[in-house]
Enquirer: 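Handing you a structure now.
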Amino acid sequence: MAIVKAVRGTRDLLPFETELWNRVEAVARSVFARYGFGEIRTPIFEATELFARGVGEETDIVSKEMFTWEDRARAASEKSQSLTLRPENTAGVVRAYIENKLDATGNLQKLYYIGPQFRRERPQKGRYRQFFQIGAEVIGPQSAGSESPVRDAEILEMLSTLLDELGVKGWQLDINSVGSSTDRPRYVAALKEALAPVKHRMCEDNQRRAETNPLRVLDSKDENDQEIINGLPKIADFLDAASTEHFAQVRAALDASGVPYRINPRLVRGLDYYTRTTFEFTVPDGSGLGTQNALLGGGRYDGLSEMLGGPRAPGIGFAIGADRLILILQAQYPEATAKQLDAYIAPMGVPQNAAALALARELRRAGLSVEVGDGSFRLKKSFEAADKVARRVVILGEDEVATGILTVKTFATGEQVKIARADLIESLR
RNA sequence: GCGGCUAUAGUUCAGUGGCAGAACGCCGCUCUGUGGCAGCGGAUGUCGUGGGUUCGAAACCCACUAGCCGCCCCA
């Protein structure tokens, strides 16, 4: 019979790697807590309309990458509704902010989340249909300082701390400002105008982008088009005074904290809600990500709450591609060793099984990690089994049970000692 | 969604139309309470799935599925 397999773009995470996942998540929670963030858990599916309005109808995510279905009415009084597995989490967090009236607290909300997201893209290394993001949002009324450049710089400084604490090597921070919600349309219009007379000389992709999404032209890697791209209007020239000042203050704060960054005027992000500061952390080629070099991205979204029918609530946030972060760490630390148990108890002979399990219970209650073999194993087999999973083997034969003097061998050194049962726990720590 | 490459043992891979292979790993024995080394032996398998060509297909053809690479886009 044919076996049922995990569906395209999804995968199982087994213990040898969930250990790293748990470590990454623990470090993230620890860092977030120090910056005053609390965890939020939003539903894994939402009304389709949330993403259409929040992320943007014309974005690739919404127009072709969502898992959407019609939840049909089951009674005359029930309405059918279009639902979607969340393709990102910012829209959901802002929806929760509005719905739970968190603005009424008057406080800045600092919220983080860790969870699966879903996009129906073609899978590749570092790109899955169910993938995991670790993200955070700072959002609140203007009176709470949600619009302050301090928030932008704090988020970026926190991310640099997180990546350093995780041991990610060679990360690079790119920042840009895409301007306010009025700057951005003015710039896009100017870009379109500038592209009109020259786009016919550009590659096919860029000709299409010039029409559909001019900002994306800036991202192009096409070598022949670089000269034209360099001659296009710069976003910096279209920022109003407030946005220019805002960006300057973000940079000044980063400089003061010693966070290295690069201003990248071509950094545009694909989601419609971004305003002012946008950023991206990348790692160099050969860091385990294949062609994907962005491991996290984010930006400011001063108008998102209002787009979703909520109060004015400026915010800024980011999402880390956890799958990509794991790939990087696995590539940068290939020798990371599997965790070893404190002891393996080897009963000699089936009659010793009961005593072995009782001893294991005692050790485990004392906080030691322990595995128990089986009395039917030959001692040689017990040693082989023990060496694979534990640092030490405790031999429990007829003699040991009778005398209470146990034999303990440490694999790393080959040292073997006799230890009274009363002293065993201390000697295994 | 588009293009390319790939799919054979647990793993990495060889096998260009004629009996399904190697290395590593695994299991057993040499060795009845001492592993790592060594020797000997053993099991590896619907050759991704389905169809076609052929006397004969792991191999050639088609479709499908999945992975990887590139594009698009993004985390």
Enquirer: Identify the nucleotide, in any strand shown, that forms a Watson-Crick or G-U wobble pair with B/G1, with both distances under 3.5 Å; if there is none, say none.
Expert: B/C71
Enquirer: Among B/A75, B/U34, B/C69, which nucleotide sits nearest the side chain of A/Lys409?
Expert: B/U34
Enquirer: Considering every strand and a 4.0 Å limit on heavy-atom distances, what is the contact class for A/Glu400: base, sugar-phosphate, or nothing?
Expert: base
Enquirer: Could you tell me the separation between the CZ atom of A/Arg392 and the C1' atom of B/G36, rounded to a whole number of Å?
Expert: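 Whole-Å distance recorded here is 18 Å.
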Enquirer: For B/U30 versus B/C19, give the span between their P atoms, rounded off to a whole number of Å.
Expert: 38 Å
Enquirer: Expressed in angstrom and rounded to an integer, what is the separation of A/Gln124 atom CD from B/G3 atom P?
Expert: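 So the CD-P distance, A/Gln124 to B/G3, works out to 15 Å.
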Enquirer: Contact class for A/Phe318 (heavy atom, under 4.0 Å): base, sugar-phosphate, or nothing?
Expert: nothing
Enquirer: If we take the P atom in both B/U16 and B/C31, what is their distance in whole Å?
Expert: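 Their P atoms lie roughly 44 Å apart.
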Enquirer: Applying a 3.5 Å limit to both distances, which nucleotide forms a Watson-Crick or G-U wobble pair with B/G39?
Expert: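 Matched B/G39 with B/C29 under the 3.5 Å cut-off.
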Enquirer: Rounded to whole Å, please give me the gap between CZ in A/Arg129 and P in B/U65.
Expert: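 Atom CZ in A/Arg129 sits about 11 Å away from atom P in B/U65.
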Enquirer: Measure from CD1 on A/Ile61 to C1' on B/A75 and round the result to the nearest Å.
Expert: 9 Å
Enquirer: Just N and O in the side chain of A/Lys380: are any of them under 4.0 Å from OP1 or OP2 of B/G36?
Expert: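 Yes.
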Enquirer: How about A/Asp164 and A/Thr161: does a side-chain donor come under 3.5 Å of a side-chain acceptor?
Expert: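 The criterion, which ignores hydrogens and geometry beyond distance, is not satisfied for A/Thr161 and A/Asp164.
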Enquirer: So what does A/Asp323 touch, heavy atoms closer than 4.0 Å: a base, only the sugar-phosphate, or nothing?
Expert: nothing
Enquirer: Reckon A/Glu280 touches a base, only the sugar-phosphate, or nothing at all at heavy-atom distances under 4.0 Å?
Expert: nothing
Enquirer: Assess, by modelled atom type and distance only, whether the side chains of A/Asp302 and A/Ser181 contain a donor and an acceptor separated by less than 3.5 Å.
Expert: no
Enquirer: Respond yes when some side-chain nitrogen or oxygen of A/Arg8 is under 4.0 Å from OP1 or OP2 of B/A66, and no when none is.
Expert: yes
Enquirer: Can you tell me the pairing partner of B/A63 across any strand shown, Watson-Crick or G-U wobble, with both distances under 3.5 angstrom?
Expert: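 Its partner is B/U49.
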Enquirer: By the 4.0 Å heavy-atom rule, please label A/Tyr128 as base, sugar-phosphate, or nothing.
Expert: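 Contact class for A/Tyr128: base.
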Enquirer: Using 30° and 60° as the class boundaries, would you call the ring planes of A/Phe383 and A/Phe411 parallel, tilted or perpendicular?
Expert: perpendicular
Enquirer: B/A75 base stacked by A/Phe131? Criteria: ring centres under 5.5 Å, plane angle under 30°.
Expert: yes
Enquirer: When you measure from the centre of the six-membered ring of A/Phe118, is the NZ or CZ of A/Arg120 closer than 6.0 Å and no more than 45° off the axis?
Expert: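 Not flagged: A/Arg120 not positioned over aromatic ring of A/Phe118.
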Enquirer: Using a 4.0 Å heavy-atom cut-off, does A/Glu88 contact any base of the nucleic acid, only the sugar-phosphate backbone, or nothing at all?
Expert: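 If one applies the 4.0 Å heavy-atom cut-off, A/Glu88 turns out to touch nothing in the nucleic acid.
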Enquirer: NA contact type, A/Gly126, heavy-atom cut-off 4.0 Å: base, sugar-phosphate, or nothing?
Expert: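 Base contact - A/Gly126 has a heavy atom under 4.0 Å of at least one base atom.
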Enquirer: Measuring only the C1' atom in each nucleotide, how far is B/G51 from B/A14? A whole number of Å is fine.
Expert: 28 Å
Enquirer: Start at the 5' end of RNA chain B and walk down; is the nucleotide closest to A/Phe132 or to A/Glu384 reached first?
Expert: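 Checking each residue's closest nucleotide, the 5'-ward one belongs to A/Glu384.
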Enquirer: What interatomic distance, in whole Å, is found between P of B/A7 and the corresponding atom of B/U44?
Expert: 24 Å
Enquirer: Over all strands shown, is A/Ile395 touching base, sugar-phosphate only, or nothing at heavy-atom distances under 4.0 angstrom?
Expert: base
Enquirer: Looking at every heavy atom in both A/Phe32 and A/Ile134, which two are closest together, and how far apart are they?
Expert: CE1-CG2, 3.7 Å
Enquirer: May I ask you to verify whether the side chain of A/Arg122 and the base of B/G3 hold a donor-acceptor pair under 3.5 Å?
Expert: yes
Enquirer: Please determine whether any donor N or O and acceptor N or O are separated by less than 3.5 Å between the side chain of A/Gln416 and the base of B/G35.
Expert: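 No.
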Enquirer: Classify the nucleic acid contact of A/Gly9 as base, sugar-phosphate or nothing, counting any heavy atom under 4.0 Å across all strands shown.
Expert: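 Sugar-phosphate, no base atom in range.
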Enquirer: Kindly point out which of B/C73, B/C68, B/U34 is positioned nearest to the side chain of A/Pro123?
Expert: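 So the nucleotide nearest the side chain must be B/C68.
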Enquirer: Taking the same atom, C1', in B/G45 and in B/C64, what whole-Å distance lies between them?
Expert: 23 Å
Enquirer: Tell me: CG of A/Leu406 to C1' of B/G33, nearest whole Å?
Expert: 14 Å
Enquirer: Using both distances under 3.5 Å as the test, list the Watson-Crick or G-U wobble partner of B/A20, or none.
Expert: none
Enquirer: With a 4.0 Å cut-off on heavy atoms, is A/Leu379 in touch with a base, just the backbone sugar-phosphate, or nothing at all?
Expert: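 Result for A/Leu379 = base.
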Enquirer: Can you tell me which residue among A/Glu137, A/Glu39, A/Glu154 is in a salt bridge (Lys or Arg N to Asp or Glu O under 4.0 Å) with A/Lys110?
Expert: A/Glu154
Enquirer: Rounded to the nearest angstrom, tell me the gap between atom CG in A/Leu85 and atom C1' in B/A75.
Expert: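 In whole Å, B/A75 C1' lies 17 Å from A/Leu85 CG.
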Enquirer: Measuring only the C1' atom in each nucleotide, how far is B/U6 from B/A59? A whole number of Å is fine.
Expert: 15 Å
Enquirer: Do A/Arg11 and A/Asp323 meet the salt-bridge criterion of a basic N to acidic O distance under 4.0 Å?
Expert: yes
Enquirer: Considering every strand shown, what is the Watson-Crick or G-U wobble mate of B/A58 when both distances are under 3.5 Å?
Expert: none
Enquirer: Does A/Ser257 use its side chain to pair, donor to acceptor, with the backbone of A/Val259 at less than 3.5 Å?
Expert: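 Such a contact is absent between A/Ser257 side chain and A/Val259 backbone.
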Enquirer: Check step by step if side chain to side chain donor-acceptor pair (under 3.5 Å) holds for A/Arg276 and A/Ser243.
Expert: CA-CA 7 Å; A/Arg276 293 190 170 170; A/Ser243 290; 3.1 Å; yes
Enquirer: Does A/Arg378 place a side-chain N or O at less than 4.0 Å from the phosphate oxygens OP1/OP2 of B/C29?
Expert: yes
Enquirer: Using atom C1' in both nucleotides, what's the gap between B/G50 and B/A58 to the nearest angstrom?
Expert: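 After rounding to an integer number of Å, I get 16 Å for this pair.
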Enquirer: Report the residue (A/Gly298 or A/Leu396) whose heavy-atom-nearest nucleotide on RNA chain B is the more 5′ of the two.
Expert: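 That would be A/Leu396.
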Enquirer: CZ of A/Phe51 versus P of B/A75: gap in Å, rounded?
Expert: 14 Å
Enquirer: Counting only side-chain heavy atoms from C-beta out, which of B/G28, B/C68, B/C73 sits nearest to A/Lys381?
Expert: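 Ranking B/G28, B/C68, B/C73 by closest atom to the A/Lys381 side chain puts B/G28 first.
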Enquirer: Distance between the C1' atoms of B/U8 and B/G67, in whole angstroms?
Expert: 16 Å
Enquirer: Can you tell me how far P of B/C71 sits from NZ of A/Lys64, to the nearest Å?
Expert: 15 Å
Enquirer: Decide yes or no, distance alone: a donor-acceptor N/O pair under 3.5 angstrom between the base of B/C73 and the side-chain of A/Arg119.
Expert: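 No pair found.
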